[in-house]
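Just so you know, residue 1 is the first one in the sequence shown, and it goes up from there. All ligand and atom numbering here is 1-based and tracks the order in the structure. All values reported here derive from a predicted model rather than from experimental measurement.
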Amino acid sequence: MANDFVTIMDMKFLNISKNDLFQDIIYPRLHNNEKTYLVTANPEIVMLAKEKRDFRDMVSRADYIVPDGTGIVIASKIIKQPIEERIPGFEIMTELIGYAEENQLSCYFIGAEEQVNRRFITKIKELHPNLLVAGSHHGFFDLNDRHIVDSIKRTEPDLVFVALGAPRQDAWITKYYDELDKGLFMGVGGSFDVIAGNVKRAPEIWIRFNLEWLYRLIKQPFRWKRILKVFEFMIRIVLKKY
Ligand code: UDP
């Protein structure tokens with residue numbers, strides 16, 4: 001079956017249900033040892049690709065771009081090419097880890113601070129005692145350092161999760177992609193922090209009043225800039241200023 005795509009600001013999104021993404025694309029590719037570069041993109045990523053040529057070139061090498069973020073789904077409705085559903089990268093990662101455990105596929109985990117990475121691995125082994133962990137490494141290294149890619153060549157993992165945030169995670173993947181023979185590669189941003197318990201939720205009262213987002217903004221003011229990018233994305237979509 002041919003896949004359906006929707007292009008939003010020059011980014012070609014796969015328009016598919018999460019179930020079909022796994023059943024029709026990811027699982028068969030894993031079983032055929034077909035190398036895959038998967039990008040999950042939200043409005044911030046679309047804006048980054050629009051503004052930064054080198055990032056645009058990296059993402060253009062993805063086999064599939066999946067809509068992660070309500071903003072993308074809303075935008076697709078505004079341009080009258082509705083996307084079926086949002087598929088959060090975090091969910092793809094957690095489901096793939098479960099699938100890897102069941103099917104004895106091995107995983108490699110790159111990213112986050114050293115302690116967070118360690119705590120993440122401990123937690124993931126608790127949750128998935130039969131998971132084959134090919135290796136792991138924290139995310140604070142020079143992109144030219146060949147240590148990790150050499151380790152991946154030796155251990156030949158089936159899945160490689162890269163939690164360096166954008167654009168760094170895509171820079172790492174695209175820098176070494178051609179050298180590697182197999183594996184599904186995906187950037188997963190701050191996902192290791194979430195599983196390691198490094199990202200604290202807001203106090204109950206903020207959550208009760210639906211103000212968790214505001215709490216985060218106050219705690220991490222650098223997020224303002226990100227939120228503004230999402231606004232800019234929406235305004236451009238509405239005004240058709242791509
Ligand atoms: N990170 C990293 N190396 C770096 C910069 C960031 O491993 O040089 C990690 C950081 O510790 C965090 C993740 O990358 O775990 C990025 O998280 P962020 O919340 O920025 O990503 P998002 O989920 O918003 O894409």
Novice: Identify the protein heavy atom lying closest to atom 25 (O) of ligand 1, giving its residue, its atom name and the separation to 0.1 Å.
Specialist: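 Nearest neighbour among protein heavy atoms for atom 25 (O) of ligand 1, to 0.1 Å: Gly189 CA, 3.6 Å.
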Novice: May I ask you to decide whether Glu95 forms a salt bridge with Lys18, counting only side-chain N to carboxylate O separations under 4.0 Å?
Specialist: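 Answer for the salt bridge query: yes.
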Novice: Please determine if Val188 has a nitrogen or oxygen closer than 3.5 Å to a nitrogen or oxygen of ligand 1.
Specialist: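 The answer is no, given that Val188 and ligand 1 share no N or O pair closer than 3.5 Å.
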Novice: If you take the centroid of each ring, where Trp contributes its six-membered ring, are Tyr27 and His31 closer together than 6.0 Å?
Specialist: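 Not under 6.0 Å, so no.
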Novice: If we ignore hydrogens and angles and just use 3.5 Å, is the side chain of Asn15 paired with the main-chain N or O of Glu84 as donor and acceptor?
Specialist: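 Checked: pair present.
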Novice: Which heavy atom of the protein is the closest neighbour of atom 6 (C) of ligand 1, given with residue, atom name and distance?
Specialist: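 It is Leu164 O, 3.5 Å.
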Novice: Tell me whether Arg223 reaches ligand 1 (any heavy atom closer than 4.0 angstrom to a ligand atom).
Specialist: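 Right, Arg223 reaches ligand 1.
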Novice: Please verify whether a non-hydrogen atom of Phe140 lies at under 4.0 Å from ligand 1.
Specialist: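 Heavy atoms of Phe140 do come under 4.0 Å of ligand 1.
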Novice: Under 3.5 Å between any N/O of Ala163 and any N/O of ligand 1: does that happen in this structure?
Specialist: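 Among all N and O atoms of Ala163, at least one is under 3.5 Å from an N or O of ligand 1.
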Novice: Could you check atom 21 (O) of ligand 1 against the protein and tell me its nearest heavy-atom contact, residue, atom and distance included?
Specialist: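 The protein heavy atom lying closest is Gly190 N, 3.4 Å.
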Novice: Scan for side chain to side chain donor-acceptor pair (under 3.5 Å) pairs involving residues 170-187, sequence neighbours excluded, and state none if there are none.
Specialist: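 Every side chain to side chain donor-acceptor pair (under 3.5 Å) pair that includes a residue of residues 170-187, provided the two are not neighbours, is Tyr37-Asp170, Arg61-Asp178, Asp63-Tyr177, Asn144-Lys175, Arg146-Glu179, Lys153-Glu179, Asp158-Lys182.
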Novice: Only heavy atoms of Asp193, strictly under 4.0 Å: list the atoms of ligand 1 that pass.
Specialist: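 Here the atoms of ligand 1 in question are 12 (C), 15 (O).
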Novice: Could you check whether Phe13 and Phe5 have their ring centres less than 6.0 Å apart?
Specialist: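 No, too far apart.
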Novice: Return the residue, atom name and 0.1 Å-rounded distance of the protein heavy atom closest to atom 7 (O) of ligand 1.
Specialist: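 The protein heavy atom lying closest is Ala112 N, 2.9 Å.
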Novice: What's the shortest distance from atom 20 (O) of ligand 1 to any protein heavy atom, and which residue and atom give it?
Specialist: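 Ranking protein heavy atoms by distance from atom 20 (O) of ligand 1, first comes Arg226 NH2, 3.0 Å.
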Novice: Distance check, rounded to the nearest 0.5 Å: Ile110 atom CD1 versus Asn117 atom CG?
Specialist: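 Nearest 0.5 Å value for the CD1-CG distance: 9.5 Å.
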